[in-house]
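Here's the structure, in structure tokens; my notes come after.
When a residue number appears, it is its place in the shown sequence, counting from 1. In this text, all values refer to a predicted model and were calculated from it rather than measured experimentally. The figures that follow rest on heavy atoms only: side chains count, while hydrogens, waters and symmetry mates do not.
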Amino acid sequence: MSAPLFLVEALPTGDALTLDGPEGHHAATVQRLRVGEELLLADGRGGTAAAVVTAVGRGSLEATITSRGYADAPVPRIVVVQGIAKGDRGELAVQAMTEVGVDEIVPWAASRSVTQWRGDRGVRAREKWVATAREAAKQARRPWLPLVAGAPDESTATVARRIAGAAAGFVLHEEAEERLTTAELPSVGEIVLVVGPEGGIAPAELTAFQEAGGRPVRLGPAVLRTSTAGVAALSVLATRLGRW
């Protein structure tokens with residue numbers, strides 16, 4: 001099994017480090033790492049460091065850096081606009097999409113979203129998505145932590161502008177004729193992929209996205225849930241772009 005990964009604000013410049021705080025607690029108390037075991041550190045911006053535990057304390061540990069690395073950001077960049085879903089479906093989508101390699105997730109306040117993020121509730125909901133993405137990135141040993149955009153969510157007009165500025169924009173839609181498996185993909189820039197909420201994408205929203213340059217695409221004959229459509233589409237893109 002590969003060494004566990006812990007996220008830090010900045011990688012240590014020297015050869016020795018103390019891992020404390022929430023990550024130190026998780027390493028020492030939850031995962032119960034012992035002297036001689038290996039771990040990975042990442043700053044969430046491509047920088048990594050391998051280390052060996054030299055001492056374990058109460059909620060912290062000491063380690064020695066054995067190697068350093070850097071992973072370039074994937075190109076093209078994949079951004080998923082995720083319609084806000086009810087219950088934990090949004091968090092399930094964020095978790096799965098992070099594990100398969102999404103670069104940014106944009107919470108979208110679609111007209112058919114059953115749940116609306118308003119005031120403090122919206123701030124807390126977005127924070128859950130951020131925390132979910134962080135934990136999923138650690139689980140997947142990702143050197144790049146995906147960004148969760150929104151303040152806390154984004155409007156249809158904002159999403160349309162994002163599509164207009166992208167190298168390619170795709171809208172998952174069950175009535176589309178073009179398939180994502182054969183759609184032309186850019187080699188650089190940003191790919192924006194729109195996933196609707198449980199109720200789907202409203203006609204006015206689809207029109208706005210198409211006018212901004214978005215192309216309706218489908219994955220296959222089945223209609224997927226909002227919590228699985230994004231990860232299925234990302235799997236297609238990751239394969240076609242050579243990430244997998």
From [X] atom [atom1] to [Y] atom [atom2], the distance as rounded to the nearest 0.5 Å:
{"X": "D20", "Y": "R58", "atom1": "CG", "atom2": "CZ", "answer": "15.0 Å"}
{"X": "H173", "Y": "E205", "atom1": "NE2", "atom2": "CD", "answer": "10.0 Å"}
{"X": "Q31", "Y": "E23", "atom1": "CD", "atom2": "CD", "answer": "9.5 Å"}
{"X": "T18", "Y": "L61", "atom1": "OG1", "atom2": "CG", "answer": "8.5 Å"}

If you compare all heavy atoms of [X] against all heavy atoms of [Y], which two are closest, and at what distance to 0.1 Å?
{"X": "A28", "Y": "V56", "answer": "CB-CG1, 4.0 Å"}
{"X": "S187", "Y": "P76", "answer": "O-CD, 3.6 Å"}
{"X": "G47", "Y": "L11", "answer": "C-CD1, 3.5 Å"}
{"X": "E154", "Y": "V159", "answer": "CB-CG2, 4.4 Å"}
{"X": "I84", "Y": "W117", "answer": "CG2-NE1, 3.4 Å"}
{"X": "Q82", "Y": "G196", "answer": "NE2-O, 4.2 Å"}

Measure the shortest side-chain to side-chain distance between [X] and [Y] over non-hydrogen atoms and say whether it is less than 4.5 angstrom.
{"X": "V53", "Y": "E62", "result": "no"}
{"X": "E175", "Y": "P216", "result": "no"}
{"X": "L237", "Y": "R240", "result": "no"}

Check whether [X] and [Y] end up in the same hydrophobic cluster, where Ile, Leu, Val, Met, Phe, Trp and Tyr are linked by side-chain heavy atoms less than 4.5 Å apart.
{"X": "L19", "Y": "V30", "value": "no"}
{"X": "F209", "Y": "V192", "value": "yes"}
{"X": "L193", "Y": "V236", "value": "yes"}
{"X": "L145", "Y": "V79", "value": "no"}
{"X": "L33", "Y": "L40", "value": "no"}

If you apply the rule side chain to side chain contact (heavy atoms under 4.5 Å, CB included), what do you find for L41 with L17, and how did you get there? CA-CA 11 Å; L41 300 173; L17 73 119; 3.8 Å; yes

Using a 3.5 Å distance criterion without hydrogens, assess whether the side chain of [X] forms a donor-acceptor pair with backbone atoms of [Y].
{"X": "Q116", "Y": "S113", "result": "yes"}
{"X": "R126", "Y": "A149", "result": "yes"}
{"X": "E198", "Y": "T226", "result": "no"}
{"X": "S235", "Y": "V231", "result": "yes"}
{"X": "R134", "Y": "T132", "result": "no"}
{"X": "R45", "Y": "A10", "result": "no"}

Using a strict cut-off of less than 4.0 Å between a Lys/Arg side-chain nitrogen and an Asp/Glu carboxylate oxygen, indicate whether R218 and E174 qualify as a salt bridge. no

Look at K138 together with E135 and state whether they make a salt bridge at an N to O cut-off of under 4.0 Å. yes

More than 12 heavy atoms from other groups under 6.0 Å of CD on E38: no

Residue R121 excluded, over 12 heavy atoms near CZ under 6.0 Å: no

Are T228 and R225 linked by a side-chain donor-acceptor pair shorter than 3.5 Å? no

Less than 3.5 Å apart, which donor and acceptor atoms pair up between the side chains of residues 89-110 and the rest of the protein, not counting sequence neighbours?
residue, atom, partner, partner atom, Å
T98, OG1, V94, O, 2.8
D103, OD2, I78, N, 2.8
D103, OD2, R243, NH1, 3.4
D103, OD2, R243, NH2, 2.7
E104, OE1, R77, NH1, 2.7
E104, OE1, R77, NH2, 3.1
E104, OE1, R162, NH2, 2.7
E104, OE2, R162, NH1, 3.2
E104, OE2, R162, NH2, 3.2
W108, NE1, T156, OG1, 3.1

Check side-chain contact (heavy atoms from CB on, under 4.5 Å) between A42 and all other residues, then give those that pass, not counting sequence neighbours. L5, L7, T48

How far apart are the C-alpha atoms of L219 and L172, what are their side-chain angles, what is the distance that settles it, and do they pass the side chain to side chain contact (heavy atoms under 4.5 Å, CB included) test? CA-CA 8 Å; L219 293 169; L172 293 184; 4.3 Å; yes

What's the verdict on side chain to side chain contact (heavy atoms under 4.5 Å, CB included) for V171 and V217, showing C-alpha distance, side-chain angles and the deciding distance? CA-CA 6 Å; V171 184; V217 294; over 6 Å; no

Passes side chain to side chain contact (heavy atoms under 4.5 Å, CB included), V75 versus L241? Steps please. CA-CA 9 Å; V75 178; L241 294 170; over 6 Å; no

side-chain contact (heavy atoms from CB on, under 4.5 Å) partner of F170, the single match among I163, I191, V194: I191

